[in-house]
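This report refers to the structure that appears directly beneath it.
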Amino acid sequence: MQDKKLKILFVFPRSAGDVLQCTAIINRIKKNFPNSEISFGVEEKFKELLEGHPTIDHILKYDQRMDQPEFINNYFDISKKNYNMFKTK
């Protein structure tokens with residue numbers, strides 16, 4: 001299974017603490033699955049907590065205040081990435 005590229009998305013929209021706690025486990029994920037692609041969906045205000053982290057491949061915008069068309073576009077952009085795992089708080 002290590003040869004397969006896992007695509008994992010974590011969505012933690014409401015808490016900086018949840019975002020930071022989760023970063024503690026992603027190093028272990030990357031160690032066990034070095035080909036994995038790890039993405040985070042967070043509000044803009046938490047983005048800087050993750051920027052530059054060596055094991056995070058993508059940071060996606062998550063905003064509960066999005067209007068309907070923007071939310072739908074964001075959802076389809078995410079669904080096109082074919083994530084193997086999805087975790088939210």
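Quick caveat, the model's predicted, so the values are computed rather than measured. If you read the sequence from its start, that first residue is 1, and numbering goes on from there.
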Rounded to the nearest 0.5 Å, how far apart are NZ of Lys31 and CD1 of Ile25?
15.0 Å

Taking C-beta and beyond as the side chain, do Ile29 and Leu6 meet within less than 4.5 Å on heavy atoms?
no

Nearest atoms (heavy-atom pairs only) where Leu49 meets Ala16:
CD1-CB, 3.8 Å

About how many Å separate CD1 of Ile56 and CD1 of Ile38, when rounded to the nearest 0.5 Å?
7.5 Å

Shortest non-hydrogen contact from Leu60 toward Ser39:
CD1-CB, 4.5 Å

Among residues at least two apart in sequence or on other chains, which ones pass side chain to side chain contact (heavy atoms under 4.5 Å, CB included) with Glu44?
Lys47

So, for Lys5 and Asn35, which heavy atoms are closest and what is the spacing to 0.1 Å?
CG-O, 3.0 Å

Should His53 and Asn27 count as side-chain neighbours, where that means a heavy-atom distance under 4.5 Å?
yes

Beyond-backbone contact of Ile26 with Phe40, side-chain heavy atoms, under 4.5 angstrom:
yes

Rounded to the nearest 0.5 Å, what's the gap from CZ on Phe10 to CD1 on Ile59? Could you check?
13.5 Å

Gln21 pairs by side-chain contact (heavy atoms from CB on, under 4.5 Å) with which of Thr23, Val19, Asp18?
Asp18

Please examine the side chains of Glu37 and Ile8, heavy atoms only from C-beta on, and report whether any two atoms are closer than 4.5 Å.
no

Does a sphere of radius 6.0 Å around CD in Glu48 hold more than 12 heavy atoms from other residues, nucleotides or ligands, not counting ones at 6.0 Å or beyond?
no

